[in-house]
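To keep things clear, I will list the structure first and then write my remarks on it.
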Amino acid sequence: MSEERFDPSIADGRWQRAWDEAGVFRADSASTKPKSYVLEMFPYPSGRIHIGHVRNYTMGDVLARFKAMTGHEVLHPMGWDAFGMPAENAAMEKGVHPGGWTRDNIANMKAQLQRLGFALDWSREFATCDPEYYGQEQALFLKLYENGLVYRKESAVNWDPVDMTVLANEQVIDGRGWRSGALVEKRKLSQWFLKITDFADELLEGLESLDKWPDKVKLMQENWIGKSRGMEFAFTLSDGETVPVYSTRPDTIFGASFVAVAADHPVAQGVAEGNAEVQAFIEKCRAGGTTAAELETAEKLGYDTGLTAKHPFTGAELPVFIANFVLMDYGTGAVMGVPGHDQRDFEFATKYNLPITRVVAASADDADKPFAGEAEAGDGILVNSDFLNGMSVEDAKREIIARAEAGGWGSGKVQYRLRDWGVSRQRYWGTPIPFIHCDSCGVVPVPADQLPVKLPEDVDFKTPGNPLDRHPTWKHTSCPKCGADARRETDTLDTFVDSSWYYIRFASQPDDKPFDAAEVAAWMPVGQYIGGIEHAILHLLYARFWTRALAHCGMIDVKEPFAQLFTQGMVTHETYSREVGGRTVYYAPTEVKRSADGAVLVDGGDAVDVGRVIKMSKSKKNVVDPDEIIAQYGADAVRWFMLSDSPPERDLPWSEAGIEGCGRFVQRLWRLFGQYDAAATGDDKAVARKQHQTVAAVAEDIEALSFNKAVARIYELTGTVEKAAPSASRSDAIAALMKLVSPMMPHLAEEAWVSAGFDGLVAEAAWPEVDPALLVDDEVTVAVQVKGKLRDTLTVPKGMPKDELEALALASEKVQRNIEGQTIRKVIVVPDRLVNVVV
RNA sequence: GCGGACGUGGCGGAAUGGUAGACGCCGGGGACUUAAAAUCCCCUGAUCCUUGAUCGUGUGGGUUCGAGUCCCACCGUCCGCACCA
């Protein structure tokens, strides 16, 4: 080997070209090898990759390369989630076309990813803004429509006044738009919906089959779907109207002391007509904030409508209130108030002096026990409840539902928190919804042969609102049914639709249809999906739904798209700041010189406060630029850092010292690789053993995505081999080490591989064999304890019988000293592990 | 409020109920060098009466020959959800 130092600035590019020319990472759908589909969440093309992308894609890359070395045909694709608001914002701010802006960003980011040497099959690359992609998405949307999974309805929607678009419930966080942060308003619009609620139960039950998903994510989805069982029944009001209510505690019906309806409930609307006071109250309810803090302190408010509701059993006339804590869009928008056994009802009843009746108690003797300032929602025995008296809560629920159903005035009901997915967006940069509005035929799907419905190129972004809607010609077309003048739908699809099936398109992308079912079957489901926890609900639930919807339409045979899910932690960094003129100024890591006891500005030397280690963000300036660190340390050092130290599901603190250590290790390996000598002779059992143990352990660690442990083991093997005297075993170990590190540091590994005189690419080499005989040591160190405290250790041949071990341990001078003058009560011997002398 | 995760050296973190702190970073000392960089070697949980011993995995209990690991209670940090009837 000639060079003393490994030079990534030369080697990185050389091997990236070599892999590309050899087509090493191209996935062959027809291969007979076992298939492995490794996927990381594709990025939004913002223009620059973030260090978080580097971590995410490095993990996937190591797995993909490892799978290839262990005999799998690997599909590891990459593409672009290319529709969405930022492109339109750029268009508005800079006057560039969203398409051009997006294309430029993709080119930049692709070059950045390529500099990291990822084993990606770029032949399958696409962007969701390609007409070839969104046209097929339109075809799928129409397929779902044909199968009754798409509908349109007038509905109150979450309107983001800044982005000027509708948001899904999931996109409203604490009453604000998830992207713009603007306070969301309610508006009535005609919207397109996907019937995700049809799949609520399936999506919930399907979670059970996902044994390789984090429990945390499954739990979040479970809560989101929010299944509850209860009873729906109607109250008859004093004005003759009926008001259906839903309750999960129908057993407590005898404790009902009022009925409450939401501000938007028809009853409330009726009462409000011509009554300014009620209108004002309703307005007040609507204005109520929805943030966590506001809800915590929000007072229960009610307006007595003067109407009464007849209790179905007691015949009592219960007052009917409009209440601020009742939601129109859950259940029926009306509830029966049972103050004794629901905390909200309790607070409400206390405020408005309504009766609080106990109907559940610990025992029949406690039937009239007073409440201790709060409702009792727990289990117990029914009391003060006529025919339900003495029953358990569960039995009472069953009984009351049975009676309601027999009497025809109510029925058991399963209720979900999950709502249908509103997919209409009043934006330009998205997939046009393929429908046409005709005055005589109504809403008509665009015929398949007229797809894709392409976005117009000439658009103007100077005025707010939907550019498609105000385009001079685009929306004017003719009705596919009657031929009369008609208008195109000007809404575009939520970008979460785009990301709901991209993984299927990666597996198969014919020109004339969305995908080929057989080819999809060859790859799906994704074997390992890796991405951020922030997509735990939205993206992952939508993708699961979409897959099931396609299966429902008979298009594919897969129900769950992602067999195994991994959510990686964030990359974090210290923050550097100073108080300047009463405000905090943040500094980038490159502007700061860090030392053991603090930090100063490179420019000027002023002291800087070293703040908490937090997620990298532009506003705190605690970011590092992937390009800069690749240029400085090389791709392999950066990749190695991404895998070292922190377990991948936890946050990874970026540090200058850490990346420098990685850079040093790359050189250290390079020096060691240079000592490979094919002509060396002689055995070194200890080295061989360490090699085989490490190969087996690293394989296990990579499969488990425990990259930090694999890294630690590679350090150990490196240390062992470095210290060993030259031998054939040592050279074997060096060669094995080249393969071991090749998924993590592929450029270094290739360079060493060719320098050592091996043929071909190490990326295509087979993972080193493991000789099971070498996995076990023939000597073991046994701990010797007296009363559970370590006193000595013994090095003995493996498999020494219990009695011999015991004798040896008792003979130990240190043991003798510690048991002096005491009686041995018991000796516990665990072969090959320890001896514990109990005195 | 509900649900969940996590608490181990200066730091990131290892550890099938069986030698706590692997491995890395930081720090200290030394070798090489005119010097530096690079590299290599040694030390590096705390305390003490330092050939050794005592203490030590958030706190307090418990189970066990033996607990970071299992059980109970508490404290703290972080995350998710939330007037969902």
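Quick note on labels: first sequence line is chain A, next is B, and so on, each numbered from 1. Keep in mind it's a predicted model, so treat the numbers as computed, not measured.
- The A:Ile828 side chain lies nearest to B:C65 when the options are B:C83, B:C81, B:C65.
- Residue-to-nucleotide proximity on RNA chain B shows that, of A:Leu327 and A:Val830, the 5′-proximal contact is made by A:Val830.
- Among the nucleotides B:A53, B:G80, B:C84, the one closest to the side chain of A:Asn818 is B:A53.
- Annotation: proximity of residues 656-663 of chain A to RNA chain B (heavy atom, distance under 4.0 Å) is found for A:Ala657, numbered in ascending order.
- Rounded to the nearest Å, the gap between the C1' atom of B:C23 and that of B:G30 is 24 Å.
- The base of B:C23 has none of its N or O atoms less than 3.5 Å from a complementary donor or acceptor on the side chain of A:Lys709.
- Anti is the conformation of B:U57, whose glycosidic angle sits further than 90° from 0.
- Among the atoms of the strands shown, none is found under 4.0 Å from any heavy atom of A:Ser655.
- Contacts with RNA chain B (heavy atom under 4.0 Å) in residues 690-706 of chain A: none are found.
- The listed nucleotides are B:A22, B:G12, B:C81; the one nearest the side chain of A:Ile537 is B:C81.
- OP1 or OP2 of B:A14 lies within a sub-4.0 Å distance of a side-chain N or O belonging to A:Asn708.
- Between the C1' atoms of B:A5 and B:G21, the separation comes to 23 Å (whole Å).
- For the P atoms, the distance from B:G10 to B:G17 is 27 Å, rounded to whole Å.
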For residues 242-257 of chain A, which side-chain donor-acceptor pairs fall under 3.5 Å, sequence neighbours excluded?
from     : atom 1 : to       : atom 2 : distance (Å)
A:Tyr246 : OH     : A:Ser228 : O      : 3.3
A:Tyr246 : OH     : A:Ser228 : OG     : 2.8
A:Tyr246 : OH     : A:Gly230 : N      : 3.3
A:Ser247 : OG     : A:Arg249 : N      : 2.9
A:Arg249 : NE     : A:Asp251 : OD1    : 3.1
A:Arg249 : NE     : A:Asp251 : OD2    : 3.3
A:Arg249 : NH1    : A:Ala377 : O      : 3.3
A:Arg249 : NH2    : A:Asp251 : OD2    : 3.0
A:Thr252 : OG1    : A:Arg249 : O      : 2.7
A:Ser257 : OG     : A:Pro355 : O      : 2.9

Point to revise | Pair A:Lys218-A:Glu222, salt bridge (Lys or Arg N to Asp or Glu O under 4.0 Å): steps then yes or no | key: CA-CA 6 Å; A:Lys218 288 193 278 187; A:Glu222 194 181 318; over 6 Å; no
Check your understanding: Does the pair A:Phe566 and A:Trp213 meet the rule for a ring pair (Phe, Tyr, Trp, His ring centres under 6.0 Å), with working shown?
Key -> CA-CA 7 Å; A:Phe566 188 84; A:Trp213 275 41; over 10 Å; no
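- Nearest to the side-chain atoms of A:Arg417 among the listed nucleotides B:C83, B:G13, B:C84 stands B:C84.
- For A:Glu722, the side chain to side chain donor-acceptor pair (under 3.5 Å) criterion is met by A:Arg668, not counting sequence neighbours.
- Of all the heavy atoms in A:Ala334 and A:Val261, the pair that sits closest is CB-CG1, 3.8 Å.
- Applying the 90° criterion around 0 to the glycosidic angle, B:G9 comes out syn.
- Taking side-chain N and O atoms only, A:Arg713 has no distance below 4.0 Å to OP1 or OP2 of B:A14.
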Heteroatom pairs (N/O) under 3.5 angstrom, protein to nucleotides 39-47 of chain B:
from  : atom 1 : to       : atom 2 : distance (Å)
B:U39 : O3'    : A:Arg671 : NH2    : 3.4

Check your understanding: side-chain hydrogen bond (donor to acceptor under 3.5 Å, both in side chains) between A:Gln568 and A:Arg650: does it pass, once the steps are laid out?
Key -> CA-CA 7 Å; A:Gln568 101 268 10; A:Arg650 282 199 225 168; over 6 Å; no
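- Residue-to-nucleotide proximity on RNA chain B shows that, of A:Leu652 and A:Arg817, the 5′-proximal contact is made by A:Leu652.
- With rounding to whole Å, A:Glu374 atom CD is found 20 Å from B:C83 atom P.
- With C1' as the reference atom, B:A15 and B:U8 are 10 Å apart, rounded to whole Å.
- A:His692 pairs by the ring-ring contact (aromatic ring centres under 6.0 Å, His included) definition with nothing, not counting sequence neighbours.
- When the C1' atom is used for both B:A22 and B:A14, the distance is 5 Å, rounded to whole Å.
- The same atom, C1', is picked in B:A53 and in B:U63; the two are 29 Å apart, to the nearest Å.
- For the pair A:Asp420 (side chain) and A:Thr197 (backbone), a donor-acceptor distance under 3.5 Å is present.
- Which of B:G24, B:G18, B:A85 sits closest to the side chain of A:Tyr246 comes down to B:A85.
- Of the residues in residues 783-793 of chain A, those placing a heavy atom less than 4.0 Å from an atom of RNA chain B are A:Ala783, A:Gln785, A:Lys789, A:Leu790, A:Arg791, A:Thr793, in numerical order.
- Ring to ring, A:Phe321 and A:Tyr352 are close: their centroids are under 6.0 angstrom apart.
- Between the side chain of A:Asn836 and the base of B:C65, a donor-acceptor pair under 3.5 Å is found.
- The side chain of A:Tyr715 places no N or O atom within less than 4.0 Å of a non-bridging phosphate oxygen (OP1 or OP2) of B:G24.
- Nucleotides B:U57 and B:G52 are separated by 25 Å at their C1' atoms, to the nearest Å.
- Annotation: cation-pi geometry satisfied between A:Arg417 and A:Trp224 (NZ/CZ under 6.0 angstrom from ring centroid, within 45° of ring axis).
- Between the side chains of A:Gln221 and A:Arg544, a donor-acceptor pair is found at a separation under 3.5 Å.
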Practice item. Tell me, with the steps shown, if A:Gln675 and A:Arg730 meet side-chain hydrogen bond (donor to acceptor under 3.5 Å, both in side chains). Key: CA-CA 9 Å; A:Gln675 295 166 23; A:Arg730 185 175 189 266; 2.7 Å; yes
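- Residues that satisfy the ring-ring contact (aromatic ring centres under 6.0 Å, His included) test with A:Phe233, not counting sequence neighbours, are A:Phe235, A:Trp409.
- Classification of A:Glu700 and A:Lys709 as a salt-bridged pair fails, no side-chain N sitting under 4.0 Å from a carboxylate O.
- Residues satisfying the ring-ring contact (aromatic ring centres under 6.0 Å, His included) test with A:Phe325, not counting sequence neighbours, are A:Phe348.
- Checked against B:G18, B:C83, B:G52, the side chain of A:Arg833 finds its nearest nucleotide in B:G18.
- The separation of B:U59 from B:C49, taken at their C1' atoms, amounts to 31 Å, rounded to a whole angstrom.
- Under the ring-ring contact (aromatic ring centres under 6.0 Å, His included) criterion, A:Tyr715 pairs with A:Trp640, A:Phe665, sequence neighbours left out.
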Exercise for review: Any chance you could encode RNA chain B as dot-bracket? Rule is Watson-Crick or G-U wobble with both distances under 3.5 Å; [ ] for pairs crossing earlier ones, | for another strand.
Suggested key: (((((((..(((.....[....))).(((((.......))))).((((...))))..(((((..]....))))))))))))....
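- As judged by a 4.0 angstrom heavy-atom cut-off over every strand, A:Leu219 is placed among residues touching the sugar-phosphate backbone only.
- A:Lys690 meets the side chain to side chain donor-acceptor pair (under 3.5 Å) test with A:Glu716; sequence neighbours excluded.
- Judged by distance alone, with hydrogens and angles left aside, the side-chain atoms of A:Ser812 form a donor-acceptor pair with the main-chain N or O of A:Lys814 at under 3.5 Å.
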